[in-house]
Amino acid sequence: MPYSNPPEPRQYADRVCEIVRAIPSGRVMSYGQLARLIPPPVGVEPDSYLRLSPRWVGAAMANAPDDVPWQRVINSQGKISSRPGFGVVVQRKLLEQEGVVFDARERVDLSRYGWQPEAAWLRERGLLAWEDDTPRQATLF
DNA sequence: GTTGTGACATCGC
DNA sequence: CGCGATGCCACAA
């Protein structure tokens with residue numbers, strides 16, 4: 001499994017955190033969804049980017065500053081991804097305090113709690129907001 | 001130099 | 001719908 005890092009990990013993480021900070025309380029985004037808003041760094045092929053970037057987002061969350069609502073990032077199945085030394089219990093509790101409801105299978109209904117930034121907000125920051133959701137070569141990292 | 005192991009998504013059964 | 005395989009890397013100890 002490709003666990004490579006982005007060309008400029010810090011810069012990439014900053015972009016990720018900027019988006020996560022914008023997620024409203026009580027809403028969630030998936031790692032992949034988040035990644036697809038950020039254009040592939042120069043030198044990274046779009047298909048490689050699709051394959052690798054969700055992990056990069058995860059890595060960014062692992063080292064996120066305290067002001068980043070990391071609990072609002074979950075996986076594409078609507079479930080909390082467990083990490084070593086930090087059970088899913090804490091994250092679930094934080095989300096429930098924000099009003100997020102989990103079903104019997106520990107899943108969140110993404111069609112209900114999923115969130116996506118406004119197109120204008122994304123444009124201002126050089127992020128992607130195309131309908132086809134295809135990552136493009138667009139940024140200078 | 002080796003080894004272990006990561007906050008994922010997608011596709012085929 | 002669930003489960004397993006795939007991707008084939010970087011970095012700390």
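Below, chains carry the letters A, B, ... as their sequence lines are ordered, and counting in each starts from 1. Remember, predicted model here, so these are calculated numbers, not experimental data.
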Inset, instruction - Strictly below 4.0 Å, heavy-atom distances to any atom of DNA chain B: list the hits from residues 97-110 of chain A, or just say none. - result: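 Correct list: empty, so none.
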Rounded to whole angstrom units, what separation is found between the [atom1] atom of [X] and the [atom2] atom of [N]?
X	N	atom1	atom2	value
Leu52(A)	dC8(B)	CG	C1'	11 Å
Leu37(A)	dA9(B)	CG	P	13 Å
Arg10(A)	dA10(C)	CZ	P	18 Å
Leu50(A)	dC11(B)	CG	P	10 Å
Asn63(A)	dC11(C)	CG	C1'	12 Å
Ile80(A)	dC8(B)	CD1	P	13 Å
Tyr31(A)	dA9(B)	OH	P	7 Å
Tyr49(A)	dT10(B)	OH	C1'	17 Å

Legend entry - Residue Arg83(A) excluded, over 12 heavy atoms near CZ under 6.0 Å: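 More than 12 within 6.0 Å, yes.
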Nearest to the side chain of [X], which nucleotide is it out of [options]?
X	options	value
Trp70(A)	dA9(B), dG6(B), dA7(B)	dA7(B)
Ser4(A)	dG7(C), dA10(C), dA9(B)	dA10(C)
Gln91(A)	dA7(B), dC11(C), dC8(B)	dA7(B)
Gln77(A)	dT10(B), dC8(C), dG6(B)	dT10(B)
Arg51(A)	dC8(C), dC8(B), dA9(B)	dC8(C)
Arg36(A)	dC8(B), dT10(B), dC11(C)	dT10(B)

Legend entry - Connected via hydrophobic side-chain network under 4.5 Å: Ile74(A) and Ile23(A):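 As far as the 4.5 Å side-chain criterion goes, Ile23(A) and Ile74(A) are not connected within one cluster.
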Inset, instruction - Spell out, yes or no, whether Val88(A) and Val73(A) are grouped together once hydrophobic residues are joined by side-chain heavy atoms under 4.5 Å, including indirect joins. - result: no
Legend entry - Residues Arg123(A) and Glu118(A) bridged, charged N to O under 4.0 Å: no
Legend entry - Electrostatic pair Arg27(A):Glu98(A) at N-O distance under 4.0 angstrom: no
Inset, instruction - Could you tell me whether Ser82(A) contacts a base, only the sugar-phosphate backbone, or nothing, with contacts defined as non-hydrogen atoms closer than 4.0 Å? - result: sugar-phosphate
Legend entry - Sugar-phosphate, base or nothing in reach of Ser48(A), heavy atoms under 4.0 Å: nothing
Residues 53-63 of chain A side chain polar contacts: donor-acceptor under 3.5 Å, at least two apart:
| from | atom 1 | to | atom 2 | distance (Å) |
| --- | --- | --- | --- | --- |
| Ser53(A) | OG | Tyr49(A) | O | 2.6 |
| Arg55(A) | NH1 | Tyr3(A) | OH | 2.3 |
| Arg55(A) | NH2 | Tyr3(A) | OH | 3.3 |
| Trp56(A) | NE1 | Ser4(A) | O | 2.4 |
| Asn63(A) | ND2 | Ala59(A) | O | 3.2 |

Inset, instruction - Report yes or no: is the cationic atom of Arg107(A) (NZ for Lys, CZ for Arg) under 6.0 Å from the centre of the six-membered ring of Phe102(A), at an angle within 45° of the ring normal? - result: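 Not flagged: Arg107(A) not positioned over aromatic ring of Phe102(A).
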Legend entry - Ring centroids of Tyr3(A) and dG6(B) base under 5.5 Å with planes under 30°: yes
Legend entry - Spacing of the P atoms in dT6(C) and dA7(B) (rounded, Å): 23 Å
Inset, instruction - Look at Arg83(A) and dA7(B) and indicate whether a side-chain polar atom (N or O) is within less than 4.0 Å of OP1 or OP2. - result: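 So the side chain of Arg83(A) is outside the cut-off, no N or O lying under 4.0 Å from OP1 or OP2 of dA7(B).
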Legend entry - Asn5(A) side chain near dC11(C) phosphate (N/O to OP1/OP2, under 4.0 Å):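 Yes, within the criterion.
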Legend entry - Value rounded to 0.5 Å, distance of CZ in Arg112(A) from CG in Leu110(A):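 Between Arg112(A) CZ and Leu110(A) CG, I get 12.5 Å after rounding to 0.5 Å.
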